[in-house]
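What follows is a short report on a single structure.
Counting starts at 1 for both ligands and their atoms, in listed order.
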Amino acid sequence: MVRLSTVALGLLYGLSNILGVVADSATLTDPAIDGPVGLGYAGINMTALLAAAENELGVNGTVTDNLPDDNYGAPGTTISARDLQKLQELRKRTYGRGIFGAIACLSLKILFPSKTATTGSSNYNQWNNPSFWSATTYMAPTCVFRPTSVDDISCAMKLITLSQADFNVVGGGHSAIKGWANTEDGVLIILSGLTGVKVKPGYAEVSTGERWGNVFTVLDQNKLMALGGRMSTVGVPGLVLGGGVSYLTNQLGFVADQVKNFQVVLANGWVVNANANANADLFRALKGGSSNFGIVTRVDLYTWPCPRGVYSGQLYFSDTRDYPKMFDAVYKYHTVGALADTQTHLISAFVYVSIPGVGGMHMGAFTAFRNISGSEVNPGPGPALQEIVDLNPTTKNTSTLQVRPYGTQAIELGAGDMNGLRQDMRDFSVYADNQLYKDLFQLWNETMIPKHGSKAGFMGTIAFQPITTKAVAAGTARGGNSLGLEGNTKTMAIINLTHQWGSAADDAAIIASLDEVLAKSIALAKARNLYHPYFYLNYARKQDNPIGSYGTASVNRLKAASNFYDPCKIFQCRVPGGFKIPGMSSC
Ligand SMILES: Cc1cc2nc3c(=O)[nH]c(=O)nc-3n(C[C@H](O)[C@H](O)[C@H](O)COP(=O)(O)OP(=O)(O)OC[C@H]3O[C@@H](n4cnc5c(N)ncnc54)[C@H](O)[C@@H]3O)c2cc1C
Ligand SMILES: *[C@@H]1O[C@H](CO)[C@@H](O)[C@H](O)[C@H]1NC(C)=O
Ligand SMILES: *[C@@H]1O[C@H](CO)[C@@H](O)[C@H](O)[C@H]1NC(C)=O
Ligand SMILES: *[C@@H]1O[C@H](CO)[C@@H](O)[C@H](O)[C@H]1NC(C)=O
Ligand SMILES: *[C@@H]1O[C@H](CO)[C@@H](O)[C@H](O)[C@H]1NC(C)=O
Ligand SMILES: *[C@@H]1O[C@H](CO)[C@@H](O)[C@H](O)[C@H]1NC(C)=O
Ligand SMILES: *[C@@H]1O[C@H](CO)[C@@H](O)[C@H](O)[C@H]1NC(C)=O
């Protein structure tokens, strides 16, 4: 029998000597790892801390297990990987999982009283609510931890690992899947206080509490550009760790491909860098491996000069008779223009919006983008995008095409991003094909619009995003990523479905129709030999296993990296949501 408070005390005692956790497992000996950083809390009075823990925890809950009583860390002992395994065992046998979250939260509250908030407090409601983009993803963690430094996260990670609590981390909160960036039990680490964008020669250090809008604003002030999200409101970390499609993707690949260095807090609390020279396996793993390896606290992004800004803006098409011409032009851009002028970009989104009283309307919402070269006299869309810009002159006067600083394009698009709606995102991939694009659009149109098009707040979008062979090659040139696309020999397209609506009562019916669209679309692409098995992680549906879609070679690298950097499988087992590495041994 073990008193739970003894467990908590053991964890807190362990704090003084936690650095042994993974080192003891004898696998993490890579000299390239920077090594432990100081906790920065040398002034802690352990006696007082433990007394407070004992007092507050007040749990005399008893746990029946067959483990020896005395292995949870006495003062001065090291908590070893073996002890941790025992804790994990204990965890499985205890009745309420919540107790582990409670232990972690209590410890955090003692160490970080102003950065830890529990249910009912105003900080809890403020930190865990408005920062959320999607109404479908709200959850109620035991506590919310809002760090403001890497040391805070390092210390919290040690406590969380030792306490075996569930936890999760949220960056910009733009995941649409419930549980992916939140947790019902345990600790939610909210990164919004971890801010900073520092311009350095050739790159920028971006803390992962940032969203793209501020990153680009700082870059604009320095007449620089970097790869990043196309909407200002989206968070930096989720987008980069899943790949990241940017305005500069045709030339330079995914956003992750243009990361120079990741700073990461591992499960044992160590702060390490991952780049081409240090921890190169972790570096590659993070380019697409999502939340499986650690908490990424900073991404260093390569920058390029942007002395004259870009020519870009929105184009709206509301005459549905033009749709066939629009698809022709989109297909041509995917297979010709995007390769001929890699400094261009096109978002081609086909939208249906419900309009109260009227029903609704179809609309093409395109974003055309081109980096302006040094010598150009009269900057315009250029030959690659001219055909797109010339489509449907009747609505051309509503376009926002103009010469502008790079970052203002993402800010213009971000202005349309709304918080608090019901959200669904999903995607699949095909090889570029004009007729297939048209048929996929019609399949979506027929399945969704008659049934759901007039529901309150309904807005549905099907978008076609090319990934050219040049984009893939740009990633390879930077040492490769985890996405498994190296074998591509022709342009593929990510088909991305995003839907919003107002009422939870409509969730089931809308999602059932979307599941039907996805299944039929994939079947159609397969029947024409145009299916590509890749699921882009950042829009993928919960059940679509995007990491599995990277292929065996990539999955094997990811498994090896996980085993090395997280040997106790904290990120596999204690983070309840997020896309996991398939085929890892069970928790
Ligand atoms: C309006 C909108 C526009 C978009 N535009 C683009 C676009 O232009 N290009 C593109 O590629 N994608 C785009 N996306 C998709 C986007 O990449 C994903 O939604 C992405 O998850 C957003 O990142 P986030 O930090 O906001 O997400 P979050 O929901 O905070 O996190 C997503 C996942 O990453 C994990 N995570 C978060 N922070 C960390 C961290 N520091 N360390 C480890 N794991 C972490 C979370 O636990 C979660 O599993 C867009 C999405 C929306 C809703
Ligand atoms: C630590 O806290 C204990 C209990 O509150 C107290 O008795 C002791 O004097 C403190 N030690 C220091 C060094 O402040
Ligand atoms: C917890 O157990 C101890 C020892 O059995 C006892 O002295 C104490 O009163 C108990 N506390 C509570 C809150 O039940
Ligand atoms: C959507 O489908 C309907 C028939 O179901 C058709 O009349 C309409 O033209 C389609 N919309 C577009 C933009 O093609
Ligand atoms: C954008 O154009 C500028 C001016 O010609 C150039 O210096 C810069 O390298 C370009 N950006 C990229 C990402 O190539
Ligand atoms: C755009 O052009 C159409 C057709 O020429 C015209 O009816 C409409 O008023 C114009 N809109 C704006 C915003 O200028
Ligand atoms: C997915 O579609 C949305 C519009 O609904 C768009 O903002 C986003 O950029 C698209 N992503 C890709 C990769 O095409």
Side-chain angles (χ1 to χ4, degrees), residues 131-134 137 153 168-177 179-183 188-191 194 207-209 211-212 223-249 251-252 254-255 258 262 264-265 286 289-299 302-310 319-324 326 342-343 347 350 352 361-364 370-376 406 410 413-414 416-418 423 425 438 441-442 444-446 449-450 465 494 496 498 536-539 571 575 577-579:
S131 52
F132 285 94
W133 163 77
S134 159
T137 59
I153 297 177
N168 212 337
V169 54
V170 60
H174 273 61
S175 169
I177 305 173
W180 257 224
N182 209 329
T183 174
L188 176 64
I189 301 174
I190 292 200
L191 295 177
L194 193 73
S207 292
T208 48
R211 294 172 193 241
W212 293 106
K223 294 203 180 298
L224 292 170
M225 68 204 314
L227 277 74
R230 292 166 303 180
M231 285 172 92
S232 55
T233 45
V234 176
V236 167
L239 183 137
V240 174
L241 294 171
V245 174
S246 149
Y247 292 113
L248 298 164
T249 285
Q251 182 191 357
L252 293 162
F254 287 85
V255 180
Q258 301 305 333
F262 292 98
V264 193
V265 176
L286 289 169
S290 197
S291 61
N292 283 294
F293 303 95
I295 299 181
V296 174
T297 45
R298 204 185 75 212
V299 291
Y302 285 111
T303 55
W304 285 264
C306 189
R308 304 185 58 206
V310 299
D319 189 338
T320 54
R321 288 169 304 182
D322 288 335
Y323 270 46
M326 285 154 65
T342 58
Q343 299 214 345
I347 302 178
F350 296 84
Y352 188 90
M361 72 179 281
H362 280 283
M363 186 175 65
R370 181 163 170 271
N371 184 28
I372 299 172
S373 77
S375 58
E376 214 165 328
Y406 173 64
L413 275 191
D417 187 20
M418 285 188 351
Q423 293 282 355
M425 307 204 294
K438 289 173 177 158
F441 169 83
Q442 189 51 25
W444 168 81
N445 174 26
E446 277 167 18
I449 307 313
Q465 169 66 48
I494 298 167
N496 153 25
T498 45
Y536 177 42
L537 185 143
N538 281 339
Y539 298 108
F571 282 87
V575 178
F579 291 110

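For ligand 5, the atoms closer than 4.0 angstrom to any heavy atom of Asn371 are 1 (C), 2 (O), 3 (C), 8 (C), 10 (C), 11 (N), 12 (C). Within the listing of ligand 4, atoms 13 (C) sit less than 4.0 angstrom from a heavy atom of Thr320. Listed by number with element, the atoms of ligand 5 under 4.0 Å from a non-hydrogen atom of Leu252 are 13 (C). Ligand 1 places these atoms under 4.0 Å from at least one heavy atom of Gly172: 24 (P), 25 (O), 26 (O), 30 (O). Which parts of ligand 1 touch Asn168 is read off a 4.0 Å heavy-atom cut-off, strictly below it: atoms 47 (O).
The backbone N or O of Ala226 lies less than 3.5 Å from a partner atom in the side chain of Tyr406, making a donor-acceptor pair. Using modelled atom types, one side-chain atom of Ser246 and one backbone atom of Leu248 make a donor-acceptor pair closer than 3.5 Å.
In terms of protein heavy-atom proximity, atom 18 (C) of ligand 1 is closest to Asn538 O, 3.7 Å.
By the 4.5 Å heavy-atom criterion applied to side chains, Leu286 and Phe293 are counted as neighbours. At a threshold of 4.5 Å between non-hydrogen side-chain atoms, the residues Thr208 and Leu194 count as touching.
Between Tyr323 and ligand 4, no N or O atom pair is found at a separation short of 3.5 Å.
The shell of residues lying under 4.0 angstrom from ligand 4, judged by heavy atoms, includes Phe441.
At a heavy-atom cutoff of 4.0 Å, ligand 1 is contacted by the side chain of Asp417 but not by its backbone.
Annotation: side chain to side chain donor-acceptor pair (under 3.5 Å) contacts of Gln251 (sequence neighbours excluded): Gln343.
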